[in-house]
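Okay, so here's the structure we're looking at.
In each ligand, atom 1 is the first atom listed, and ligand 1 is the first ligand listed. In this text the structure is predicted, and so the values were computed from the model without any measurement.
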Amino acid sequence: MNKAEKVRLAKVGKKLNVKSYIKNEIAAIREQVGDKKVLLAMSGGVDSSVCAVLLHQAIGKNLTCVFVDHGCMRLNEAREVKKVFKGQFGINLIQVNAEARFLEKAKGITDPELKRKCIGGEFIRVFEEEARKLGRIEFLGQGTIYPDIVESGVGGHKAVKAHHNVGGLPKDIGFEGLVEPVKYLYKDEVRAVGKALGIPDFMVQRQPFPGPGLAVRCLGELTKEKLDILRKADFVFRDEMARAKLDRKAQQFFAIMTNVKSVGVKNGARTFGYVIAIRAISTSQFVKAGVVELPFKFVTSVAEKIATTVKGVNRVVWDITPKPPATIEWE
Ligand code: XMP
C-alpha cells in the first residue's frame, strides 16, 4: 500500500476535519502522482466535481478532465459542467459527445446489470481513446466514494449492483494506477469538502447522479426517444421541487421512465403514452433511504404538469418504497 492510500485509509471511522482533509489529500495526491499526468472521468456529479478541484489544486495543468456525454445525462448538464469547471476554475476539460456511440452499443440490451456493464465498459474505452490522443497519461482519477466500494462487493461486502466506477473497470485499462481522492468519504463529507473548495452551491448541493446516468432510470432498451422524454419529465419534477423549496427535504429526487405504456385521454382523444415514475428519498449515507412525504397536492400538480406538458407521457406514478427493500435507483 502506498503512502497516499495510507493517508486516505487513516480517515475511515473518524470525524471529518475538512480543512486538514483537503491539506492532507492535496499532499497525498502530489505524493502519489508526482509530476505525472492524471485523466479524470467527470460525470457532472458531486463526487467527480470535488475530485476535479482537489486534483486541480494539487497538480494544476497536469490534470485533464474528460466529460463523456453518453446520452444519459440530465437536461443542460454538459453546458453547466463546462461553465463551472472550465469557465470558473480554469480546469483543463474535454467534452466528448458520444451519445450515438453509446446508444448503438446498448441497442437491444434490457437486463439492468448488462446495461450497467455495457455503459461502464464503453465509458472506459472512450477514456482510453481520449488518453491516447493526449499522449502519455499515467493515472486515471475517479470519484469513487465509500458507499460505492461497500455496495460493489469490495472488501468482503456482498455486491448489490455493478457500480460502473468500481466494478466495470477492465484489467487492461492502460494506466499506471488510480487516484481516488474521496474514496473513503461519505456523500455529506464530499459536499463539505466541495463547499470549502469553493465549488458553487448549486453544484455542491446537487443531488448525486450515478455514473451510468439516466440509463439506470430508463427501464428496458435505451432509446433516444425514451431518454429525451425522461430528461424533460425529470427536469419538470426537479424544477417544481426547487420552486416549492422541497428540494431541501430530499437527498435525491428524480423521474424514472418505466417503459410501460398506458391509455389516456387528451382533448377528447385516446392517447397511448409512457408512464413516468417520480421518486424522492431522504437518507444520510445512501445505504438506507426513506421516502420523503411530499405534500399530496404538490405530487398531483407535478403529475398533471408532466403528463400534460411532456409529449409522449400521459400518466405519472409516485414511488413510495424505502430502501431496503428497493434500491434508490430502479436499475
Ligand atoms: P442504489 O440505487 O444502489 O444507490 O440504492 C445508492 C446511491 O448510489 C448511486 N448510484 C451510483 N453512483 N455509479 C455511481 O457513481 C453507479 O453506477 C451508481 N448506481 C447507483 C445512487 O444514485 C444513490 O445515490
Side-chain angles (χ1 to χ4, degrees), residues 40-52 67-68 70 72-74 77 81 102 106 109 111-124 127 140-154 157-169 178 180-191 194 204-219 222 230 234 237-238 247 250-257 277-292 319-331:
L40 173 73
M42 271 200 90
S43 68
V46 185
D47 309 336
S48 59
S49 298
V50 171
C51 278
F67 176 90
V68 177
H70 47 33
C72 301
M73 292 296 167
R74 287 168 291 195
E77 189 129 38
V81 166
F102 273 87
I109 302 178
D111 176 77
E113 280 298 281
L114 287 180
K115 252 158 88 176
R116 275 174 170 273
K117 284 189 175 139
C118 164
I119 295 202
E122 197 60 10
F123 204 77
I124 297 299
F127 271 138
L140 180 72
Q142 282 197 103
T144 316
I145 65 169
Y146 201 45
D148 296 342
I149 303 172
V150 173
E151 296 209 344
S152 288
V154 180
H157 294 278
K158 203 164 166 258
V160 178
K161 292 174 189 175
H163 280 236
H164 94 42
N165 47 358
V166 182
L169 211 63
L178 289 176
E180 299 176 293
V182 293
K183 190 173 173 185
Y184 297 105
L185 296 189
Y186 282 106
K187 201 68 161 198
D188 47 346
E189 297 175 323
V190 180
R191 283 191 213 284
V204 170
Q205 290 313 326
R206 180 177 232 174
Q207 50 175 310
F209 189 60
L214 298 181
V216 296
R217 300 174 182 171
C218 184
L219 275 58
L222 294 175
L230 174 57
D234 180 63
F237 181 40
R238 287 188 294 120
D247 51 346
Q251 273 69 50
Q252 262 180 302
F253 49 99
F254 51 84
I256 302 104
M257 158 55 78
I278 54 173
R279 178 155 178 73
I281 58 96
S282 68
T283 177
S284 60
Q285 310 294 9
F286 295 85
V287 177
K288 286 183 177 176
V291 177
V292 176
D319 181 354
I320 50 164
T321 328
K323 171 186 180 178
T327 49
I328 294 169
E329 305 294 346
W330 274 37
E331 285 193 340

Gln207 touching ligand 1 at heavy-atom level, < 4.0 angstrom: no
Nitrogen or oxygen of Pro212 less than 3.5 angstrom from that of ligand 1: no
Spacing of Leu214 atom CG and Glu331 atom CD [to the nearest 0.5 Å]: 11.5 Å
Donor-acceptor contact below 3.5 Å, side chain Lys115 vs main chain Cys218: yes
Closest contact, heavy atoms only, Ile119 versus Cys72: CD1-SG, 4.4 Å
Aromatic plane relationship, Tyr186 with Tyr146 - under 30° parallel, 30 to 60° tilted, over 60° perpendicular: perpendicular
Proximal ligand 1 atoms for Thr327, defined as those under 4.0 Å from one of its heavy atoms: 1 (P), 2 (O), 5 (O)
Lys323-ligand 1 polar pair, N/O distance under 3.5 Å: yes
Point-to-point distance, once rounded to the nearest 0.5 Å, from NE2 of His70 to CD of Glu122: 11.5 Å
Any N or O of Phe286 closer than 3.5 Å to N or O of ligand 1: no
Nearest neighbour of atom 21 (C) of ligand 1 from the list Glu331, Glu329, Arg116, on a heavy-atom basis: Glu329
